[in-house]
Amino acid sequence: NAKMHRNEYSSYEPEMNRKSHDRLRLESDLRRAIEQEQFTLAYQPLINLNTGKVVGVEALVRWHHPQRGLLPPGDFIPLTEENGLILQLGEWVLKAACKQNVAWQNAGLPPMMMSVNLSMRQFRQHQLAERIKGILDQTGMPPKYLELEITESMTSDVEFASDMLASLKEIGVQISIDDFGTGYSSLISLKRFPIDKLKIDRSFVGDLTQGGSDAAIVSTITSMAKNLKLKVTAEGVENDEQIQFLRERNCEEAQGFYFTKPIPANLFENWYRHRYQM
Ligand code: C2E
Ligand code: CA
Ligand code: CA
Ligand code: CA
């Protein structure tokens, strides 16, 4: 009968019910995950295209879900932003990334920048700068090696963003604009913020060499960054042609599967030592 079917096949339930049910389940799983530290970080290098050197790594969170396996951030970050758990998760990420950077230093790797993504909710958190300062002190991470990635949408309240960015710069960290080009920030407004770097969104890099408008967009962002004395990183670089193009346009840094996918800390260290025959 119908009732039995409903129990056997969740797709028989109204779509809305199933969705809110999944969501509640995920939400309670997340609370447990934060208590039990089921998260892990994957690391992906940022490479200087002139020198070939690793200038930094970006920390990207993953969730080892006890039943569902390894989940990418897209599967759970949006929910944590809605329900506020991102504050705890974000703090865990910052601390774990700083600890890792210090551990690599102690293991003899040359100094590297550590990039960490901030969510809107974190960016709006009361005393964010003081909290980050606390994490830097606690982990022994020199502030100048921490790079915080924010998105254009976080700068829409210009007054608030200016104050927040100023207080972050005051503790000595670097600021970059992630997914640059996908938001609505005017180029001029960038001058109002103490920003160090633009990261060109990978949607512009993918078809860079296919003769469409992306080539013009990437060239424009790169030369604008130069004029504003900002560093620039191209995201999502996957092949030689893209590297070639970026070099010709003086885009100094790149990140993408071309070098390596994001990988766990121990694999990253192996990758690094192999690359430099250390
Ligand atoms: P993102 O900050 O733009 O990070 C780069 C994403 O692009 C990563 O996906 C990475 O795996 C992927 N990627 C890197 N190189 C390539 C490439 O060559 N080709 C393609 N197709 N993709 C590439 P991931 O790890 O799934 O992260 C997705 C997003 O989740 C991140 O985008 C970031 O916005 C968010 N995220 C990740 N970790 C955190 C975190 O700790 N806190 C917050 N608030 N957000 C995070
Ligand atoms: Ca990022
Ligand atoms: Ca990005
Ligand atoms: Ca992003």
Side-chain angles (χ1 to χ4, degrees), residues 30 33-34 37-47 56-64 69-101 113-125 128 132 135 146-154 174-183 195-209 214 218 221 231-243 245-246 253-265 267-268 271:
L30 264 173
I34 286 174
E37 305 209 347
Q38 292 171 1
F39 299 99
T40 172
L41 294 178
Y43 298 92
Q44 189 179 38
L46 281 69
I47 310 286
V57 288
E58 179 172 1
L60 295 152
V61 71
R62 274 94 183 87
W63 178 10
H64 278 288
L70 200 64
L71 300 181
D75 285 7
F76 59 93
I77 289 279
L79 182 57
T80 65
E81 289 192 39
E82 278 175 45
N83 64 21
L85 285 173
I86 189 67
L87 294 183
Q88 282 159 272
L89 177 57
E91 198 141 316
W92 180 86
V93 168
L94 274 162
K95 201 177 288 178
C98 289
K99 269 190 207 160
Q100 186 59 64
N101 202 45
M113 296 296 299
M114 176 61 75
S115 301
V116 175
N117 295 283
L118 283 189
S119 76
M120 177 70 124
R121 197 110 167 198
Q122 280 178 289
F123 191 67
R124 299 195 152 276
Q125 190 179 20
L128 175 66
I132 292 177
I135 291 170
L146 180 62
E147 180 170 287
L148 301 174
E149 299 194 358
I150 65 166
T151 55
E152 288 162 278
S153 57
M154 298 183 201
Q174 305 278 304
I175 308 287
S176 61
I177 306 276
D178 201 2
D179 306 339
F180 186 76
T182 60
I195 282 158
D196 301 288
K197 180 192 281 187
L198 304 180
K199 296 187 77 174
I200 304 174
D201 190 69
R202 66 180 151 86
S203 62
F204 303 115
V205 177
D207 298 330
L208 193 57
T209 54
D214 290 345
V218 169
I221 296 176
K231 287 185 272 184
V232 55
T233 303
E235 300 191 283
V237 174
E238 296 182 353
N239 59 52
D240 279 317
E241 291 73 30
Q242 293 163 335
I243 296 279
F245 179 99
L246 294 166
E253 281 177 25
Q255 178 180 0
F257 296 170
Y258 180 79
F259 302 106
T260 167
K261 292 189 171 184
I263 45 179
L267 293 187
F268 179 82
W271 176 89

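Whatever order the structure lists them in is the order used to number ligands and atoms, beginning at 1.
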Within a distance under 4.0 Å of any heavy atom of [X], pick out the atoms of ligand 1 and give their elements.
X	value
E58	2 (O), 4 (O)
Q44	14 (C), 15 (N)
P73	24 (P), 25 (O), 26 (O), 27 (O), 28 (C), 30 (O), 36 (N), 37 (C)
D179	3 (O)
G236	16 (C), 17 (C), 18 (O)
E238	17 (C), 18 (O), 19 (N), 20 (C), 21 (N)
G256	15 (N), 18 (O)

Check whether any N or O atom of [X], backbone or side chain, sits under 3.5 Å from an N or O atom of ligand 1, and answer yes or no.
X	value
E81	no
Q255	no
Q122	no
R62	yes
V61	yes
F257	yes

Under the ring pair (Phe, Tyr, Trp, His ring centres under 6.0 Å) rule, collect the residues that match up with W271, sequence neighbours excluded.
-> F268
Under 3.5 Å, is there a donor-acceptor pair between the side chain of [X] and the main chain of [Y]?
X	Y	result
D178	T151	no
R121	E81	yes
Q88	L85	no

The Ca ion (ligand 2) - name of the N/O/S atom of E149 that sits closest to it | OE1
Atom of E58 closest to the Ca ion (ligand 2), considering N, O or S atoms = OE2
Selected option - heavy-atom contact closest to atom 1 (P) of ligand 1, from I150, N239, I77, D178 | D178
For atom 6 (C) of ligand 1, which candidate among R202, M120, E235 provides the closest heavy atom?
-> R202
Could you check whether the rings of F76 and W63 sit parallel, tilted or perpendicular, using 30° and 60° as the cut-offs?
-> perpendicular
Please state whether G74 comes within less than 4.0 angstrom of ligand 1, counting heavy atoms only.
-> no
Residue-ligand contact K199/ligand 1, heavy atom below 4.0 Å | no
Can you find a heavy atom in the side chain of [X] that is under 4.5 Å from one in the side chain of [Y]?
X	Y	answer
L146	I135	no
I200	F180	no
V93	N117	no

Any N/O/S of D178 under 3.0 Å from the Ca ion (ligand 3)?
-> yes
Assess D179: does it contribute an N, O or S atom lying under 3.0 Å from the Ca ion (ligand 3)?
-> yes
Contact check: N117 to the Ca ion (ligand 2), N/O/S below 3.0 Å = yes
Have a look at Q255 and tell me which of T260, T233, V205 forms a side-chain contact (heavy atoms from CB on, under 4.5 Å) with it.
-> T233
